[in-house]
Amino acid sequence: MASKAVYSHRDPLLKKRDDFEDILEERRNSSDLRYALRCYTPVLYRGATPCKSSALKSMALQADQIHYVIKQVSKETGRTTEEVEEEASAILEEMAHHLQLSTVRFFAFALSKIFKTLFKSICVNEEGIQRLQQAIQEHPVVLLPSHRSYMDFLLMSYILYTYDLALPVIAAGMDFMGMKFVGEMLRMSGAFFLRRSFGGDRLYWAVFSEYVKTIIRNGFAPVEFFLEGTRSRTSKSLTPKLGLLNIVMDPFLKGEVFDITVVPVSISYERILEETLYARELLGVPKPKESTSALFKARKVLSEDYGSIHVYFGQPVSVRSIAEGRVDRCQFSLVPRHIPKRPNEDVQSFVNDAAYRLVRAQEENMVLKPWVLLASVLLQNQAAVQEPGIALDELTEKVLWLRHLSQQYGAFLHWPDHTPPSEVVSSSLSLHRGLVRISEGRVQLALAQGTQAGPVEQPSSFTPEEELLNQAVVVLSCASYRNQALHVFVRPALVATAMHTSSSNNKQEIFNTFNFLRNIFSNEFILCPGATVQDFEEACYLLVKTGAVQVTQQEVVVTERGQRTVAFLTAMLEPFLQGYQVVCRFLCQEAAETLTEKHFIPLVRKFILKQILAGRLRHVEALSSDLQKNALAALLRLGAVRKMNGEEQGTLKVSKVMVNSLEDTLGGKLPSLKAIVARL
Amino acid sequence: MASNSSGGSSDRQRIAKQRLRIIAGHLQRPADDDSAVGAAECTAQGSKTDASSEERTVPRRRHEIMKWNGWGYSDSKFVYNKKGQAEFTGKRYRLSGMIIPGLKDWMENTFGATLQHKTPATPILNSSAVQAPTLNEVFVEELKSTHIPFSHDAEDRVFRAHGHCLHEIFALREGKIGRVPDLVVWPSCHSDVEKIVELACKHNVCLIPYGGGTSVSSALECPPEETRSIVSLDTSQMNRILWIDEKNLTAHVEAGIVGQDLERLLNESGYCTGHEPDSMEFSSLGGWVATRASGMKKNIYGNIEDLVIHIKMVTPQGVIEKSCQCPRMSTGPDVHHFIMGSEGTLGVVTEVTLKIRPVPEYQKYGSVVFPNFEQGVACLREVAKQRCAPASIRLMDNEQFKFGHALKPQVSSIFTSFLDGLKKLYITKFKGFDPNRLCVATLLFEGDREKVLQHEKQVYTIAAKFGGLAAGEDNGQRGYMLTFVIAYLRDLGMDYYVIGESFETSVPWDRVLDICRNVKARIVRECKEKGVQFPPLSTCRVTQTYDAGACVYFYFAFNYRGLSDPIHVYEEVEHAAREEILANGGSLSHHHGAPTGSRLSQRARRVQARCSISWWTAGEVAAPGLVPQPHSLRRFGRRLRAKAPLRLGWPRPPAGAEAGVRTPSRVRSGAPVCTMGQEPPAPVAQSEGAGDGLLQPPAGPSSGNTHSLMSLIVC
């Protein structure tokens, strides 16, 4: 029942969401120390047998599955089982969490202090907390927060501690463990560490999956991990990773627990701590290795204002109810359950669908701040008009229009009540003063010293490339805020773009182009595989509802008053469309025979820089390595580029004809005929 | 109660009597007057072998001693007396005439069922509600000439129109009567059955064999759309032990004999079969064979498939039987395995040779308390691993333990109740067992006195390893008594808005705990979702252990006050529970037989069909050219409880079918004995539209290369 509520979004306006409660308020009025030391007695899963984290380790090590893999490995490698067992136990030692209440209390104290300086408020939907509390008692719970910042998992634990809920055990990347002291602290607050890649290592996989499953079967604590796998640098949701989801669903599918409850959690930041860090990373400045000293250097962030955080605990989803009719669990009774087996197709597709739906549930409950709308308007304006900036009242008007539109599309907009719009706009602008500049009543992005996006005269200290990259940092930071709203608009925007690209009113043609675009962009946005028709219908429904288009049996026609909406939507996808085209152009024009995956990003970046400087491309966003990677992934998926195996390992073989035709189709020069779609 | 079995016949009889008291209590000798039509005794067979078989438990007019709309004997039932205390009436059982003080509170606390809310049953059968019989005049004429007794009395017909499924009894209590058989016949020997089957074939009449009538799989339901005459073939008068072979330890018995008579008669000669299904008071040998029954003492004696040496079965194509009484054969698939579990779709089992054993010298009950169900299951697994299971070992979960406790009769002496209090104190306080988690295993040992004691010691030692404490013989004995009275209890529940049913499964050891937890939880969840106002009783017990797994029995009951269609809700929940069983690696049934498709949804039917396919492959019967088709599988996937009767008949031809299908082939009298690997007795084709579970009349030439026996079975 719960699951249906999550997935049905026929009319977004009908979506009911809970109210928020600021948890920092109480912290500002009472002692943090007493808060940290207060009596903490969370409710636990009723089927749980309480045990220590060390007992958990030995339980996992004794599991049949691990024994089986140990025997297999020792048979294949010729090592003795004792040796392999030792290795397994070492892996577990490296991985396992070591939850200690004292550490948690320390964090509760320290984080209270830090959060109070950094944030205006941390808002949590208490009804969601109540639902979670209920769920925790009934079945093992898996928490799936969105991942935008390092803060995410500290924040989650902090909130759960505040509400006296069981602290989760969190899957964290191994890179954290490298941090001296902090890694251990995290471990003691419930994190367990995973290697980023362990592709072929069966023993590692077995130990790790058994460890997670033991926690779930045993009901030790809620398990928390990030479906997206890593922090999203662009604030768009990332394509879900299925590995861990597969593992946590396994105990249900194999009947080891009656049900598992999955709770999507949406964490939205008004201002992301890592904002410029991400932009630099996307532009090729490598991500700094996590280290304690870096953390201390980062403390200057403490002096800044990062607005508020909204955490929304979504509707708990019962795995049992979503698996109903999708998975035939009988299949697991034909082989002993401890023998690792690749899940068959219907299980894979079930987990895949579930993952997409959960990510969409996260997206839907992301709170959007006024700044998100401002950023969207500013970016479009910046790209479209050569003239610097936009008048403040024009900006306000546009933002109000957009606010109306986004609300109709079901966005979870958090627009302050009872405040004049101009005040909302100016306070948002001032929070993000690092990204915008207001001069003479005009608002523009703070693009370094130069006032224009084009290559004009610069101060001598910067090369044109460096100048451009500096501008790009601002643009990408801004874009990351706009991206927060993308999920609201992406489907109608794809239809709008399809209408624009196919320059036709024929419904079938538009659908074909929509299908093509959706296919191309499915690495870029969260588009559930196989849901083309639903997505098209949903988009048309929204467009028709807002009066932007009229849909008849044969045609889709833009109405008079719909021009503005359609133009806005098209402009929203424009940077992506252009970006993909330029990647295609690069592959056609510049790609050598020996292009490898490793060199792809630097080369394509260089090419795009040149294109922008030469004025052939206006969208600086194309410099984002995220976009470039996604484009390549799409081309690989469509078979236009092939990865070579064997001797030329890692080299990319480009089918120039196909890439060329894709580029033309994206540019609207070629109709996305059925034939092409079919061939793709 | 130990005694030497080599004693005289009076000694033997004493043992026999004691044993029977344990099983089911004494039976009054029922009156046996035949007021129905026709009364000729069978003369086809020679003189009776066993003198004492004069004493019959099951008369032709069953409703004279048994309830027409509930379980068991008319004189035995639970009632609330004037003081509002539960009491069990009659004289037949250990519990008879006793006050059960805890039952009322238990009913109230478990179901929220109170004495104020009553749902009394229609007291007497309203004969005018019963359809007039559709008689096939020619058939009746010819039947008369055979002198086989028959009747079309309304009460006789209604009694044979149902088994003991919840929906069947519920409808009867409400006075609702659907399609019932048009005629009841009582063959009294094999040749009578041959004659009846032959006539049925000849005159296109449906036959539904009826044994004990204890089916819980809707097997006795008459298809409402059936327009031809339906004849219920009641085997109850075929109840003699024809011979006992003491050299080979076998007995040849007519298939209509009910369990308690079989045991009693064998006991008189110093033997027993050891086959004791819970329904053994009423279920018949033929039903056991046709449905692969299982008895509680299978650890010593085996299940029915281990006990059977020889089967004689009348089919429309003739009689099937092996040509010898050998312990084992390897000439192709064993023909017995087609018959056992065929659930009466292939023919009427008339005579069976069974293994017999000397009556055991010593018998002892026992019980063990475990701190929780997990420990209990682990202990049972260990017992099975060491292959030292007693004659019976059953593990009840906590809810069932409490249930059993509620059935404790009033104790007469203060001393006993004081002792009980002490025991309780010791277990909960001193040993620290949580009264809401502990569970109890009941044990029954049988054999030589010395071996039993030794065996007992071994089992208790294992139990101790898993935290089990011996809890006395009395608890054990009460546990077994529960299984005999539980069916009576359902009738009491139905008087007070409570409906319930049991179902069972078999499952590999590693899944036992999972299946118990998940199925119980699923029942609770489904009840909630379906609008049941009170929490249901959802409980299970592990009743049999095997090397590779166990048999698990679920009880499920709820208070239906406030529901408009309780039976529908019940069926939905049961269906969900069965689905859960399958999803958790359990079988659709361990010994009840698969429930009929008609009441389950389309989906469940598919699941069933799948099960049937695995049944086919398990039996290695993949004959060339034989593609199992959904309808034939459905037939195979069907029903008939062990205790249930056989079923056989010609279905109505499918709409628009050619006339040819309607012609039944003649039964060859004295048909060739059909042993495996021999040539076909008669070529038959698999017909297209098989009727609902009834046999298809053979028609036309053989379809291709299909093995004769296979086609026989498929048809």
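Throughout, a chain's letter reflects where its sequence line sits, starting with A, and its residues are numbered from 1. Note that these values count all heavy atoms, side chains included, but never hydrogens, waters or copies made by symmetry.
Interface residues of residues 336-352 of chain A toward chain B, defined by a heavy-atom distance below 4.5 Å and sorted by number: R337(A). Along residues 514-527 of chain B, the residues that come nearer than 4.5 angstrom to chain A, judged on non-hydrogen atoms, are D514(B), R517(B), N518(B), A521(B), R522(B), R525(B) in order of number.
The distance from the CZ atom of R511(B) to the OG atom of S506(B) is 12.5 Å, given to the nearest 0.5 Å.
Under the 4.0 Å criterion applied to side-chain N and carboxylate O atoms, D547(B) and K385(B) are not assigned as salt-bridge partners. Under a 4.0 Å N-O distance rule, the pair K213(A)/E256(A) does not qualify as a salt bridge. Taking 4.0 Å as the cut-off between side-chain N and carboxylate O, R131(A) and D18(A) count as a salt-bridged pair.
Between V319(A) and the choices V327(A), V248(A), L253(A), I260(A), the side chain to side chain contact (heavy atoms under 4.5 Å, CB included) rule is met once, by I260(A). Of the listed residues (Q400(B), R541(B), E399(B), E504(B)), just one forms a side chain to side chain donor-acceptor pair (under 3.5 Å) with Y555(B), and that residue is R541(B).
When the side chain to side chain contact (heavy atoms under 4.5 Å, CB included) test is applied to A221(A), the partners found at least two apart in sequence or on another chain are V169(A). For the side-chain hydrogen bond (donor to acceptor under 3.5 Å, both in side chains) test, no residue two or more places apart in sequence or in another chain qualifies with Y40(A).
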(message) R320(A) vs E324(A), test: salt bridge (Lys or Arg N to Asp or Glu O under 4.0 Å). Steps then yes/no.
(response) CA-CA 6 Å; R320(A) 172 175 281 270; E324(A) 176 96 54; over 6 Å; no
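Residue D64(A) does not touch chain B at all, counting heavy-atom pairs closer than 4.5 Å.
With 3.5 Å as the limit, one finds a donor-acceptor pair spanning the side chains of K402(B) and N436(B).
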